[in-house]
Amino acid sequence: MSGPPLVERLRAQARHCQRAGSPLTAAILSGAADDMAAGGPTAALLDPLEDDPPGTVPALRLAGALHRLVLERRAPALAVHYPSVGGSLGDVWPPARAVIEEQLDTLRELVSRPVQTNEVGRSSALLGGLLHVARETGLPVRLLEIGASGGLNLLFDRYGHEVADAVVLGDPSSPVRLRERWQGTLPPYHSRLETAERAGCDPCPLDPASTEDRLTLTSYVWADQVERFERLRAALQVAAASPVRVEPLPASAFLQRELARPRAGLATVVWHSVVRQYLEPAERERVSTLLAGAGGRASPQAPLAHLSMEPERAGAGSFDFRVSLTSWPGGRTRLLGECEGHGPPLVWR
Ligand SMILES: C[S@@+](CC[C@H](N)C(=O)[O-])C[C@H]1O[C@@H](n2cnc3c(N)ncnc32)[C@H](O)[C@@H]1O
């Protein structure tokens, strides 16, 4: 077994979901934990995942799998409690348990899939970090995202970010509107930020133009967080109009190619959000080595930055998400700010 027993991880994730404003997901996961402990159908479904690395979050794979069945209209009694399809909150565990019992084989396949949330709220963290890079280097940015999923965060400047009263960064006419004001010491939002190039990779990229992939992306949004749901729908609309390519590559293969040579006249920024935990230890090591190697070749004419929004464990089942920036030449690392798992509110330092 790796990490705490899965039952405990389900309970911890339930607590996190409750705190993060998803009582529906919390109720499903705590019901699932009790049922698993009692040897019910959830045990038949999740026992085989006991040894999966905790970072692959089997709890969220279960929540996503059930939500998918609801979105596909294959679980009508459960859908009654899913606001994402017009339902209202209620006693969700009994119908969820019934679906697990009745559709065990389907769910076995669905829970084997990786979590593929592509959360555009996180693009506000990216924007704040890029403003620092733009001000400090004075150069146009070349943005490289690893673990880009559907590539929605590569389109950060096509969304409207209401960062302060009467200050909307990005595209004020965008259907995606991030309304929560930035807090703390705001990043230099008056700086000129030009994105010269943008590219991403993911071993399992999702295509916002594909019905199947849109369903996958939607299924990982917590079903009672209707605002996120609407935000995703709007971002998919933006992506349809401005497609970005996410190459089907793991981070190390992508960075090995992209960072092979410094690019003069551009500030290269490697960005990721909520990806680190999904990388195998050897892959994580390769990524660090590639960044350090490219950092050693960076110069004021061809600087490199590593910008990330990743969780730090703050206590049992509780996470702080931190926005960090390492810049080369020099390799100085700074904590820029903190936020929630899906982005806002962002508190800058
Ligand atoms: C939770 S999602 C986050 C997606 C996106 N970064 C966001 O914040 O919305 C984690 C992503 O990491 C990707 N991933 C897993 N292993 C990877 C690897 N070796 N290299 C790059 N991405 C990877 C997964 O496919 C998935 O799309």
Side-chain angles (χ1 to χ4, degrees), residues 13 16-17 20 25 52-61 63-64 67 112-129 143-156 159 176 178 198-208 210 213-214 216-222 225 228-229 231-232 235-236 238-239 244-259 269-291 306-311 319 321-324 339-344 346:
Q13 186 66 49
H16 176 74
C17 291
T25 315
D52 286 15
T56 64
V57 208
L60 296 185
R61 284 148 57 191
H67 193 191
S112 71
R113 300 185 188 184
V115 177
Q116 289 255 273
T117 317
N118 199 183
E119 175 50 59
V120 294
R122 296 173 188 151
S123 73
S124 259
L126 168 63
L127 170 59
L143 176 60
L144 303 173
E145 179 172 15
I146 56 176
S149 185
L152 299 180
N153 287 331
L154 284 165
L155 296 170
F156 71 98
Y159 310 145
V176 179
L178 292 147
R198 60 189 92 202
C201 79
D202 198 292
C204 312
L206 294 173
D207 176 2
S210 133
D213 288 0
R214 283 200 302 270
T216 300
L217 287 167
T218 309
S219 69
Y220 291 108
V221 176
W222 297 343
Q225 297 195 320
R228 284 182 60 213
F229 209 71
R231 201 155 72 192
L232 173 63
L236 291 171
V238 172
V244 283
R245 184 165 148 68
V246 178
E247 281 190 79
L249 286 175
S252 56
F254 178 72
L255 292 181
Q256 182 153 31
R257 187 190 70 205
E258 295 295 329
L259 300 180
V269 178
V270 175
W271 147 259
H272 52 89
S273 56
V274 197
V275 170
R276 199 171 52 199
Q277 72 201 60
Y278 296 93
L279 305 184
E280 302 279 341
E283 171 75 348
R284 222 184 275 188
E285 193 55 42
R286 278 193 292 273
V287 168
S288 301
T289 306
L290 284 161
L291 282 167
H306 174 205
L307 175 61
S308 66
M309 186 213 124
E310 294 289 345
F319 298 93
F321 287 76
R322 299 198 178 159
V323 186
S324 305
C339 60
E340 296 292 330
H342 300 120
L346 272 137

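Quick caveat, the model's predicted, so the values are computed rather than measured. Atoms within each ligand, like the ligands themselves, are counted from 1 in listed order. Index from 1, following the sequence.
Of the inter-residue distances, the one linking R257 atom CZ with L144 atom CG reads 9.5 Å to the nearest 0.5 angstrom.
For E280, the CD atom is loosely surrounded, since the number of other residues' heavy atoms within 6.0 Å does not exceed 12.
Side chains of Q116 and T216: no donor on one and acceptor on the other come within 3.5 Å. If you check the side chains of R61 and T56, you find a donor sitting under 3.5 Å from an acceptor.
Residues R231 and E119 are paired through a salt bridge, judged by an N-O separation under 4.0 Å between the basic side chain and the carboxylate.
Aromatic ring centres of H67 and W222: separated by at least 6.0 Å.
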Identify all pairs of nitrogen or oxygen atoms, one from ligand 1 and one from the protein, separated by less than 3.5 Å, and list them with distances.
| residue | atom | partner | partner atom | Å |
| --- | --- | --- | --- | --- |
| ligand 1 | 6 (N) | G147 | O | 2.8 |
| ligand 1 | 6 (N) | S273 | O | 2.9 |
| ligand 1 | 6 (N) | S273 | OG | 3.4 |
| ligand 1 | 8 (O) | R122 | NH1 | 2.7 |
| ligand 1 | 8 (O) | S273 | O | 3.1 |
| ligand 1 | 8 (O) | S273 | OG | 2.5 |
| ligand 1 | 9 (O) | T117 | O | 3.3 |
| ligand 1 | 9 (O) | N118 | ND2 | 2.9 |
| ligand 1 | 9 (O) | E119 | N | 2.8 |
| ligand 1 | 9 (O) | R122 | NH1 | 3.3 |
| ligand 1 | 19 (N) | E283 | OE2 | 3.3 |
| ligand 1 | 20 (N) | A251 | N | 2.9 |
| ligand 1 | 25 (O) | Q116 | NE2 | 3.0 |
| ligand 1 | 25 (O) | D202 | OD1 | 2.6 |
| ligand 1 | 25 (O) | D202 | OD2 | 3.4 |
| ligand 1 | 27 (O) | Q116 | NE2 | 2.7 |
| ligand 1 | 27 (O) | D202 | OD2 | 2.6 |

